[in-house]
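What follows is a short report on a single structure.
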There are 4 protein chains.
Amino acid sequence: MSLPQIESSPDRRTQILDAALVCFAKRGFHQASMHDISAEAGISVGLIYRYFENKDAVISAMADRHKKEISEVLERARQAPTLLESLEILFTAHCCEDAPQVVSAFVVDLYAEASRNSHVADLVRDVLQTAMDGVTDLIARSPEAASAADGLKPHELAELIFAVSRGMLMRDVLQPQTMTAAERRARQLEVTRRLWRLLFTGQTQPTYA
Amino acid sequence: MSLPQIESSPDRRTQILDAALVCFAKRGFHQASMHDISAEAGISVGLIYRYFENKDAVISAMADRHKKEISEVLERARQAPTLLESLEILFTAHCCEDAPQVVSAFVVDLYAEASRNSHVADLVRDVLQTAMDGVTDLIARSPEAASAADGLKPHELAELIFAVSRGMLMRDVLQPQTMTAAERRARQLEVTRRLWRLLFTGQTQPTYA
Amino acid sequence: MSLPQIESSPDRRTQILDAALVCFAKRGFHQASMHDISAEAGISVGLIYRYFENKDAVISAMADRHKKEISEVLERARQAPTLLESLEILFTAHCCEDAPQVVSAFVVDLYAEASRNSHVADLVRDVLQTAMDGVTDLIARSPEAASAADGLKPHELAELIFAVSRGMLMRDVLQPQTMTAAERRARQLEVTRRLWRLLFTGQTQPTYA
Amino acid sequence: MSLPQIESSPDRRTQILDAALVCFAKRGFHQASMHDISAEAGISVGLIYRYFENKDAVISAMADRHKKEISEVLERARQAPTLLESLEILFTAHCCEDAPQVVSAFVVDLYAEASRNSHVADLVRDVLQTAMDGVTDLIARSPEAASAADGLKPHELAELIFAVSRGMLMRDVLQPQTMTAAERRARQLEVTRRLWRLLFTGQTQPTYA
DNA sequence: AATGAATGAGGCTTCATTCAT
DNA sequence: CATGAATGAAGCCTCATTCAT
């Protein structure tokens with residue numbers, strides 16, 4: 001596929017979206033001004049309008065990119081040798097990227113926005129559905145699933161997993177900004193393993209012991 | 001004649017906060033204008049400033065009220081006869097009140113705000129800590145805890161419970177507004193029971209083993 | 001003349017004007033709010049409107065009162081045994097009252113207001129004219145006037161005297177608020193005497209000495 | 001193509017300050033709205049904020065510009081051949097510029113503002129000090145000073161001169177706006193000469209004594 | 001392609017004034 | 001006589017967006 005130079009240079013768009021992520025995470029979608037974004041990107045305000053129709057388009061594009069990033073994470077998770085490792089990848093994706101709790105704040109804002117902006121809501125729902133389907137599939141195909149706790153079906157397990165994931169991400173936002181990405185990651189991993197043992201280790205700890 | 005004079009009539013404050021909740025949920029903290037709130041409350045803009053120093057104070061007061069409401073829910077949960085019922089109360093508190101998904105959107109916004117407004121962050125963290133402590137205690141004292149899955153300690157179980165709760169609330173925000181409070185409640189209950197069985201039924205595997 | 005109780009109790013009016021002076025001096029006519037005044041007076045906002053039609057009326061009444069106070073100062077000056085003492089009274093009137101540089105700020109504001117509010121302008125002009133006439137008369141009748149410097153006529157001398165007086169008052173406003181009323185007074189007296197020697201001591205210091 | 005980009009085009013600033021002067025003189029610092037200023041300048045409100053941080057900054061800049069104008073007047077006064085001419089320049093500077101009594105009203109307002117705004121107070125005090133020093137120096141070096149009345153020292157003479165100057169300016173504000181700049185100038189000149197004769201003609205008494 | 005000056009609507013907040021009690 | 005809750009117009013300021021260069 002040839003990339004027509006019209007309809008935006010991908011590099012510029014990326015540059016702007018990178019800047020937007022920082023600004024959105026730092027101040028929120030609607031508190032971040034177009035000027036903030038342009039300054040963060042090191043370009044002029046007007047230039048943003050050459051690549052995005054308006055601010056809402058930037059937000060939508062961010063949501064879109066988020067969707068792609070989640071897809072990639074999912075792909076990586078899929079290729080992990082064990083289910084546990086897959087889950088670890090999924091649960092820590094948001095805290096080891098470039099910025100520490102930047103992503104968490106962005107995602108919480110994304111959900112908040114979704115509750116009012118149906119376009120964003122559709123996107124987020126779509127992301128979620130895709131990811132859930134992927135994980136459901138992952139579980140269904142993993143050997144551990146056989147001994148899944150309590151006879152829960154794969155899609156029920158996936159739902160619990162994602163709920164915990166979202167819940168931890170939401171909590172992440174409250175952590176003082178002094179917490180490093182590594183510390184956040186460690187915390188997420190701990191919970192992931194706890195959850196994994198709970199869901200897939202079959203009879204957990206033998207009661208009779 | 002009652003004397004509401006000194007330090008603000010609680011009724012007015014309540015009226016304003018009720019209106020603010022609707023507006024905040026509908027448009028978000030920063031997209032909701034003071035005019036929106038005054039219109040929703042059926043009063044003039046200026047009057048809000050007799051009861052709140054500024055918009056931030058309204059947001060803080062909302063957070064504060066949220067804290068008290070959570071405390072009350074916790075109290076009710078504490079008085080439930082079984083742990084399962086306690087959890088059901090905790091998990092459905094946000095979707096059966098007066099407004100349907102209003103509360104969910106508000107809470108997600110609250111966390112988003114917390115990531116930037118340290119005052120709000122402190123409040124939310126405080127709410128969370130109190131609630132977690134309460135539930136930890138609840139678990140520690142419940143007979144089911146003895147057979148808790150996987151040897152998880154009460155506070156670890158509480159952490160998982162709250163993560164799921166937050167995660168479900170976050171998801172709630174994506175539901176089309178056509179979903180009724182009852183439907184949301186049903187969904188929450190289902191997940192709650194699933195989680196409960198998982199965590200507290202002792203041997204997750206069939207009892208006959 | 002009997003004083004009808006309608007058309008305002010003089011005490012309340014005085015109380016309000018006293019408070020207004022403090023507020024006006026502290027914040028300026030238009031920066032001082034009616035609430036400021038009521039708080040300073042220890043009464044409710046509404047009560048001010050029982051005694052004054054509106055804020056402008058308070059300002060006008062302040063100007064009016066200023067006029068009467070100047071008249072009284074003038075009267076005292078008239079009764080002083082010597083011209084120098086008369087001048088000393090006139091020059092220091094504004095810095096020994098209850099508050100220190102409160103009055104100076106008020107008067108400067110009064111002139112500023114006069115430049116836009118023709119009602120106030122008329123009043124201030126009237127005050128000035130009356131005072132000038134009084135001092136002109138004082139000079140004309142004093143023995144020192146005979147040896148007045150340079151053959152200046154009484155009204156020309158009066159004009160100079162008032163110019164210096166206003167000029168010193170204006171400067172007063174720049175003094176850090178740490179300066180006490182006594183220090184201000186001392187400074188004013190020094191200039192007064194300098195001016196007096198200059199204007200009325202006949203051949204000043206003999207040149208030949 | 002000139003580069004006015006960085007740190008504000010001086011022309012725009014000047015244009016805004018010119019408009020602000022008119023508005024401030026007409027309505028006072030705090031009564032003049034930003035809209036008034038923008039309308040007077042023929043630009044939009046928002047544009048002012050590209051050149052000034054806020055309204056206070058406009059006021060400060062006006063005070064700053066006043067300072068520079070006074071410096072220029074002082075410089076011109078310094079180059080006058082005789083002391084009398086120097087004084088005439090100083091005394092009439094404010095009433096012959098572009099606008100008639102605009103400047104007087106502005107200066108009175110500036111002093112009023114100085115009594116509450118310490119930043120402005122510092123500026124005005126600085127202007128005054130510089131000007132006083134300049135005139136003191138002017139006097140000290142002029143031959144007339146030798147025969148100065150009454151043995152007054154240069155700085156004492158300067159103080160009197162400035163007091164009279166300020167006093168006349170204050171009075172200027174009361175003049176009906178029908179008075180032309182020329183008439184104001186004439187009046188100022190008359191007083192200036194009177195003062196000069198008084199202060200510097202040596203023996204005020206006829207020379208034959 | 002890129003800039004940033006310019007616009008103006010809209011948000012937050014204050015405050016003079018009124019009026020029911 | 002006195003209060004202070006209530007109103008709403010108006011002021012300051014921000015910011016998404018446009019457009020001449």
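- Electrostatic pairing of R27(D) and D109(D) does not count as a salt bridge here, judged by no charged N lying under 4.0 Å from a carboxylate O.
- With the nearest nucleotide of DNA chain E identified for both G46(B) and G46(D), G46(D) has the one nearer the 5' end.
- Counting only heavy atoms from C-beta on, V45(B) has its side chain closest to dT13(E) among dT13(E), dA2(F), dC13(F).
- Atom CG in D36(A) sits roughly 11 Å away from atom C1' in dT14(F) (whole-Å rounding).
- dC15(F) atom P lies 16 Å from atom CG of D56(A), rounded to whole Å.
- A salt bridge is absent between R13(A) and D64(A); no separation between the charged side-chain nitrogens and carboxylate oxygens falls under 4.0 Å.
- Distances shown here put every side-chain N or O of R50(A) at or beyond 4.0 Å from the OP1 or OP2 atom of dT3(E).
- Considering only the side chain of Y49(D), dC13(F) comes nearest among dC13(F), dT7(E), dT17(F).
- Nearest heavy-atom pair across L17(A) and M62(A) is O-SD, 3.4 Å.
- Note: CG (D11(D)) to P (dA5(E)) measures 13 Å, nearest angstrom.
- Taking the six-membered ring for Trp, F24(C) and F29(C) have ring centres closer than 6.0 Å.
- Dense packing is recorded around NE2 of H30(A), with more than 12 heavy atoms of other residues, nucleotides or ligands lying under 6.0 Å away.
- Rounded to a whole Å, the CZ atom of R27(D) is 11 Å from the C1' atom of dG11(F).
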Go ahead and write out DNA chain E as dot-bracket, 5' to 3': ( ) for pairs within the strand, [ ] for ones crossing earlier pairs, | when the partner sits on another strand, dots for unpaired; Watson-Crick or G-U wobble, both distances under 3.5 Å. .||||||||||||||||||||
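- Residue H30(A) contributes atom NE2, which lies 17 Å from atom P of dG10(E) at whole-angstrom precision.
- Regarding N54(B), its CG atom lies at a distance of 16 Å from the C1' atom of dC12(F), rounded to whole Å.
- Phosphate proximity of dA2(E) to Y51(A): present, with a side-chain N or O under 4.0 Å from OP1 or OP2.
- Rounding to whole angstrom units, CD of residue Q31(A) and C1' of dC12(E) are separated by 13 Å.
- Annotation: of the two residues near DNA chain F, S33(D) and H35(A), the 5′-most nearest-nucleotide partner is S33(D).
- Between R65(D) and D18(D) a salt bridge is recorded (basic side-chain N to carboxylate O distance below 4.0 Å).
- Looking at S33(B), its side chain does come within 3.5 Å of a backbone N or O of D36(B) through a donor-acceptor pair.
- Distance R13(B) CZ to dA5(F) C1': 16 Å, rounded to the nearest Å.
- Without hydrogens or angle criteria, S38(A) side chain to H35(A) main chain gives a donor-acceptor distance under 3.5 Å.
- Of the candidate nucleotides dC12(F), dA6(E), dT3(E), dT3(E) has the atom lying nearest to any side-chain atom of L47(A).
- Mapping G42(D) and M34(C) onto DNA chain E by nearest heavy atom places G42(D) at the nucleotide closer to the 5' end.
- Picking from dA2(F), dT17(F), dT17(E) the nucleotide with the shortest atom distance to the side chain of S44(C) gives dA2(F).
- Closest to the R12(A) side chain, of the nucleotides dA16(F), dA2(E), dT3(E), is dA2(E).
- Within 4.0 Å of A32(D), counting heavy atoms only, lie sugar-phosphate atoms of the nucleic acid but no base atom.
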